Amino acid sequence: MASASPSPIQKTEEEWSAILSPEQFRILRQKGTELKGTGEYNKLFEEGIYNCAGCETPLYKSSTKFDSGCGWPAFFEGFPGAINRSPDPDGRRTEITCAACGGHLGHVFKGEGFKVPTDERHCVNSVSVKFIPGNVNSSI
Ligand SMILES: [Zn+2]
């Protein structure tokens, strides 16, 4: 699960910059971070699915999103196998990426004491995902 094997979807920087907005490119491909509290989905709690903004792979269900108050969308669990984890070079944080295209999503934190089933917080940039409204249980 924590393996950093090559992503199935491989594109050049040029190809990515053609399909992503400059902000999406900065965050998904260059591991940037959107400004705290500014994300489109920070306070969104409607029913639906969050797909990868780079390759449209489903990553998170709205039912796993919670209000962490941290300033970015927070989820306690992704779709099985949809998300890769790897330690940051500084060894302090764990980066999360889309398993399909390698796009940077944010970081995962454990044991912060949130009242969620996994005791994990996936801190995700709104820019890295695309919300698809709908009934989660009928479509998956
Ligand atoms: Zn992706």
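Counting convention: from 1, in listed order, for ligands and their atoms alike. Since we're looking at a predicted model, the values are computed, not measured.
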Just by distance, do the side chain of D88 and the backbone of T94 share a donor-acceptor pair under 3.5 Å? no
Cation-pi check for F45 against K65: NZ or CZ below 6.0 Å from the six-membered ring centre and within 45 degrees of the axis, yes or no? yes
Sequence-distant partners of K36, side chain to side chain donor-acceptor pair (under 3.5 Å), two or more places apart: none
Around the Zn ion (ligand 1), how many protein N, O or S atoms are there at under 2.8 Å? 4
The side chain to side chain donor-acceptor pair (under 3.5 Å) partners of Y60 (sequence neighbours excluded) come to H122
Please test D67 against K43 for salt bridge (charged side-chain N to carboxylate O under 4.0 Å, His left out), starting from the C-alpha separation and ending with a verdict. CA-CA 7 Å; D67 189 1; K43 295 288 181 190; 3.1 Å; yes
For E56, enumerate each residue passing the side chain to side chain donor-acceptor pair (under 3.5 Å) test, keeping only those at least two apart in sequence or located in another chain. K130
